[in-house]
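Ligands are counted one by one from 1 in listed order, and the atoms in each one are counted from 1 as well. Quick note: residue numbers are just sequence positions, from 1.
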Amino acid sequence: MSSFYFPDGFLWGTATTAAQIETASDHDWKGVRSKDGYILGETAAHERFFREDAELIAGCGNTYRFSLDWAKLQPAPNAPFNPVWVTRYRDFMLDLKKRNIHLMLTLHHTTNPRWFADLGGWTKRANLVYFDDFVDQVISNFGDLIDSWITFNEPNNYAAMSFLFGQWPPYRHNPGAYNRVRRHLAMSHEHAYVRLKKAYPAKPVGIALSTVVFSGTTILGKWAASLADQQFTRETMKLFVPLDFIGVNYYARLQFTPWPLCEMTAPGRLAKRGLPHDKMWEYYPQGLFDFLKRFHDKYHLPLYVTENGICTDDDSVRIDRTKDYIRECARALKAGVDLRGYIHWTLMDNFEWKLGPTYRFGLVSVNRETMERTPKPSYGLFSEIARSNEIELSELHG
Ligand code: FCB
């Protein structure tokens, strides 16, 4: 069996976000009840395990993608950052820098301070100044330690889940609000881009886009898929400029029959059709290659896989599929795509938003009683790939 060697300096790492691993502060997801019956409060107590988590992060790559809790840092509009949290976060980042970890910071990942939500959140243009101020203070307090920036995580998914499909706070079903929010996020992205480049011209700035391969099994399904791609992918890419790179968050294909074939909303239907899946979506690894190639050809920008993972309790499935996905990255590089890194979702089991903590993507398991961390075999696999900077190719991909 032959191997593929990734380019020198390729980024390997894991991604997390504050709200999914830190104990909830006064943000707009605190107290949300998940589908599996838990209340978002305790997640993975990351704030009590900074040192131990830094060790785990450094043990499986050279990169860490993460976010800060805006609500914790800024308890009121335009308030100066809470110095206690600045020191704690800085110490954590310094620990990672000592371990030579590339820090990729996401400025906004799903949650907002409660005060921001109460003021109307992203629906109001007048509120953008509060995020601008947050960005300014992130730059002055942490900018020296950050190597690359993601302004918004999945702005397409966030706007749709919160304002169109009513699944996430503030649970709206309002196409007007959805369009406004998307526009405001894009404006905020541009504000942040300008600020970040002014402070650190050489540090790249991008977004992490939610990418889904939409396809249809019927005429109506094909129509739905093309509308979804237009709205979710093409329109978002048009709005979010400028970009130094594109972060690709990829998990799945979504087929429309015309109803979406997805394990979360229609359990059992994927299996009935003989389609592989995890606890959430259809498993379709070649979709990752397709997106990387498509974005490379269309936008000519450097690419990072900023999230990719598998929602399963069977770690051997995680191992096999992680290898498959990384082979798709190798295939993209062979095809000339400027792919600079692969960041796995996620370091440790956490609180999977509205689905809850029993939906697990971690390379490390977390005991919810003791918060004890235990690396899974997949952690070992990923560490080894990251360390050796190579993947064994299967016959299929050789
Ligand atoms: C992505 C989110 C991330 C996590 C994964 C499974 O859409 O960015 O926080 O929930 O899905």
Side-chain angles (χ1 to χ4, degrees), residues 13-22 24 27-29 32 34-36 38 40 43-44 46 64-70 104-112 150-165 167-169 185 189 206-214 228 232-233 236 240 246-254 260 262-265 277-285 287-288 291 304-313 317-318 321-322 325 342-364 366 378:
T14 52
T16 63
T17 183
Q20 287 176 279
I21 59 169
E22 291 181 20
H27 62 61
D28 56 355
W29 275 77
V32 165
S34 61
K35 188 174 157 193
D36 59 3
Y38 293 80
L40 198 150
T43 58
H46 172 56
Y64 182 49
R65 177 181 167 226
F66 67 118
S67 74
L68 306 169
D69 184 349
W70 180 8
M104 181 182 278
L105 184 70
T106 310
L107 292 169
H108 185 271
H109 195 134
T110 313
T111 60
N112 305 291
I150 302 270
T151 57
F152 286 91
N153 180 68
E154 302 192 350
N156 49 348
N157 195 35
Y158 168 73
M161 293 297 271
S162 297
F163 296 93
L164 193 60
F165 302 136
Q167 298 285 311
W168 288 0
L185 296 173
H189 162 78
I207 57 166
L209 188 78
S210 171
T211 61
V212 177
V213 175
F214 297 109
F232 205 67
T233 316
T236 312
F240 283 76
I246 306 169
V248 175
N249 290 4
Y250 178 79
Y251 293 92
R253 172 166 74 174
L254 188 60
C262 148
E263 195 58 14
M264 288 174 284
T265 52
H277 62 88
D278 65 8
K279 282 176 80 174
M280 288 166 76
W281 301 292
E282 183 188 348
Y283 171 62
Y284 186 69
L288 179 57
F291 265 112
Y304 294 88
V305 174
T306 39
E307 281 183 31
N308 168 245
I310 303 100
C311 185
T312 180
D313 294 327
V317 170
R318 188 180 335 281
R321 296 188 177 181
T322 300
Y325 278 128
Y342 172 90
I343 300 174
H344 192 77
W345 183 268
T346 179
L347 178 68
M348 58 186 153
D349 292 339
N350 56 48
F351 205 104
E352 180 45 40
W353 304 120
K354 196 64 190 158
L355 296 171
T358 62
Y359 286 73
R360 300 182 181 93
F361 284 84
L363 298 177
V364 173
V366 176
S378 54

Inset, instruction - Please name the pair of heavy atoms, one in F291 and one in Y250, separated by the smallest distance, quoted to 0.1 Å. - result: CD1-CD1, 4.0 Å

Inset, instruction - Check the side chains of Y64 and T16 for a donor-acceptor pair under 3.5 angstrom, ignoring hydrogens and angles. - result: yes

Legend entry - Protein heavy atom at shortest distance from atom 7 (O) of ligand 1: E154 OE1, 2.6 Å

Legend entry - Atoms in ligand 1 with a heavy atom of N153 nearer than 4.0 Å: 8 (O)

Inset, instruction - Report yes or no: does a heavy atom of Y251 sit under 4.0 Å from some atom of ligand 1? - result: yes

Inset, instruction - State the atoms of ligand 1, each with its element, that fall below the 4.0 Å cut-off from a heavy-atom position in H109. - result: 2 (C), 3 (C), 8 (O), 9 (O)

Legend entry - Smallest separation among heavy atoms of H109 and N153, with atom names: NE2-ND2, 3.0 Å

Inset, instruction - Could you check which of E307, E352, M280 puts a non-hydrogen atom nearest to atom 6 (C) of ligand 1? - result: E352

Inset, instruction - To the nearest 0.5 Å, tell me how far W281 CH2 sits from I310 CD1. - result: 11.0 Å

Legend entry - Pair N249-T306, side-chain hydrogen bond (donor to acceptor under 3.5 Å, both in side chains): steps then yes or no: CA-CA 5 Å; N249 290 4; T306 39; 2.6 Å; yes

Inset, instruction - Under 4.0 Å from a heavy atom of Q20: give me the atoms of ligand 1 that qualify, with their elements. - result: 3 (C), 9 (O), 10 (O)

